[in-house]
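Inspection log for the structure reproduced underneath, given as structure tokens.
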Amino acid sequence: MAGRIEDYALIGDLETAALIGRDGTVAWMCLPRFDSGALFAELLGTEDHGFWHIGPATTSASPVTADRRRYRGESLILETEWDTPTGTVRVTDHMPPRTEGAPRLVRIVEAVCGTVSVASTLSPRFNYGRTVPWIRHTAGRTVCVAGPESLWLDTPVPTHGTKQARSEFTLTAGERVGFTLSWQASHASAPRTVAADEALEVTERFWRGWVAQCTYQGPHRTAVVRSLITLKALTYAPTGGIVAAPTTSLPEDIGGVRNWDYRYVWLRDAALGMSSLLRTGFLEEARAWREWLLRAIAGDPENLQIMYGVAGERDLGESELDWLPGYEESAPVRVGNGAAQQLQLDVYGEVIEFLYLSAQFGLAPDKDSNRLLGHLLHHVETQWRDPDEGIWEIRGPRRHFVHSKVMAWAAVDRAVRLIEAGHAEGPLDRWRNLRTAIHADVCAKGFDRARNTFTQSYGSAELDAALLMILQTGFLPPDDKRVIGTVEAIQRELSTEDGFLLRYLTSEASISVDGLPGDEGEFLVCSFWLADALAKIGRVDEAFDLFEKLLSLRNDVGLLAEEWNSGLRRQVGNFPQLLSHIGMSDAALTLSLYRRSIAPQLHVLAATSR
């Protein structure tokens, strides 16, 4: 049975990822890519849908929860420990970055003290838990085969079983045993064997070298670095893409239908993530994503999608897996994402903001990206007056969302700045006039004078936490009364008792906004945006208090899902969530500037950074 969402920790190899519970169970892993079929899908079903457990041997029907766990330093190597009556055992889990074709999950079991009996049960079920493989034991290796896929388990410990590969053994203090699970196409040659300890050394060396590039040395550095490691873990190294989360269908509403597949590259989320990495010293990831962007859109910018596959695939057709009951009966379980075909005007703003920041942080100008800039601005120019589905991907009627218009303004503003700085070419006067026209339209049609706040869409009374981007983009300065009024209205009307923000109200009265039944939790990135906004309008102490409360929602290894449900006191939504960790990192950087007593400069910074 799956644990709470926050019970899981992430490991990965920059091409896919696995989630491991507090009891030592791998409950979710897709191979060979983030968006491949899961071979461990217990997270969305039951043990019958695939898992791999390692921990102390017990007569109990359920695995034993560990006494403690942690990441080894600033890495993605997970250490989980159990204290038993006879001794302490540690399992060290990691996925080495791929240097050859086979992806691997490596688990090292060690007796820290005393003597401990340990059990391993490997129960793969291919195609999201639907297909039971043949398991055979040959030449000292365990092989699991089903259709086009195979798994190879290498360990010095004897294994047995035809539906599961089981082992039980005893370790005394100082003894260690490695388990290496490799994926391979079933028609290909067997993957080579790899020493578990050598793979661990390679993995640790990689993460140590990567984190060394980080330029951020301010307050909350531990939280920031963990978020940056999570961002890196969600990148797909072969192409430079970055997924919104490594999971599908973890519910925003436990038991409800708000269950979506996030294992794709949203242009918005990716652009924001790369902007965060740029500002903390990681230029290579930004350069790789810029190249991914050019390939994904190549030759067809007029048909820009809001999301793509990790290699730039366009067909992300949505379907339902009816054999999976869903996380805590939250059905349907979906793969693919029908929102890929939506019109979301804000995407142009985030992408061009990324191109602008790339130039600011020293990425060399690129002819292809400059040509792309012209295409994107052409579409903003022709589409900005149209209604769209907005940042939250509503499945109801299109609206004139204020956030979308603001981001269209930001797209034009950053293009103008690039031209003015000599980084790009374009019809400067025409785009300056366009920028002015969008700004005037938003202020005239998107602002409620009686309530002194911008609204979710033209003519509506609803509020939307995405309106906080008015401040982050520099659309208006922090001391503008309309900005202050909007921040205060959002905090007043969208906050829960804990002080965290809903994206918008999901009551029956507003079901027409997103087209979906049910409720959802507080959206964590919105709450980080609020902390950022409060600091910028001068409520610095309150901003710090909110930020600290948000940090307290992280699980024991520093990870956040998409949302927090204050009623249930638990994380909800896909996990770990790219946007939540972007929000954490960005808010920390903003607050560090205030702590250094340079707050008066932030109205300038707000126009050039996110």
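Start at 1 with the first residue, then count along the sequence. What you are looking at is a predicted structure, and each value in this text was computed from that prediction instead of being measured.
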Short side-chain to backbone donor-acceptor contact, N555 and G558, under 3.5 Å: yes
Expected output: side-chain Y327 to main-chain S249 donor-acceptor under 3.5 Å: no
Pairing of D346 and R268 as salt bridge, 4.0 angstrom limit: yes
Listed partners of S457 passing side-chain hydrogen bond (donor to acceptor under 3.5 Å, both in side chains), at least two apart: S460
Salt bridge flag under 4.0 Å for residues E522 and R503: no
pair H53-E47: side-chain heavy atoms closer than 4.5 Å: no
Residues Y458 and D441: side-chain donor-acceptor under 3.5 angstrom: yes
L501 backbone acceptor or donor facing S527 side chain under 3.5 Å: yes
salt_bridge(R539, E488) N-O dist < 4.0 Å: yes
R290 with E285: basic N within carboxylate O range, under 4.0 Å: no
Electrostatic pair R569:D498 at N-O distance under 4.0 angstrom: yes
Distance-only donor-acceptor check, side chains Y262 and Q577, under 3.5 Å: no
Flag side-chain contact, heavy atom, 4.5 Å: V265 against Y236: no
Carboxylate-amine/guanidinium contact D7 R22, below 4.0 Å: yes
Ion pair E542/K536, N-O distance below 4.0 Å: no
Salt bridge (Lys or Arg N to Asp or Glu O under 4.0 Å) involving E389 - partner list, sequence neighbours excluded: R398
Between K445 and H400, a side-chain donor and acceptor under 3.5 Å: no
Check: D532/T590 side-chain N/O donor and acceptor closer than 3.5 Å: yes
Row check, W260 ring normal vs R334 NZ/CZ: under 6.0 Å, within 45°: yes
Gap between atom CZ of R70 and atom CG of D556 - 0.5 Å precision: 11.5 Å
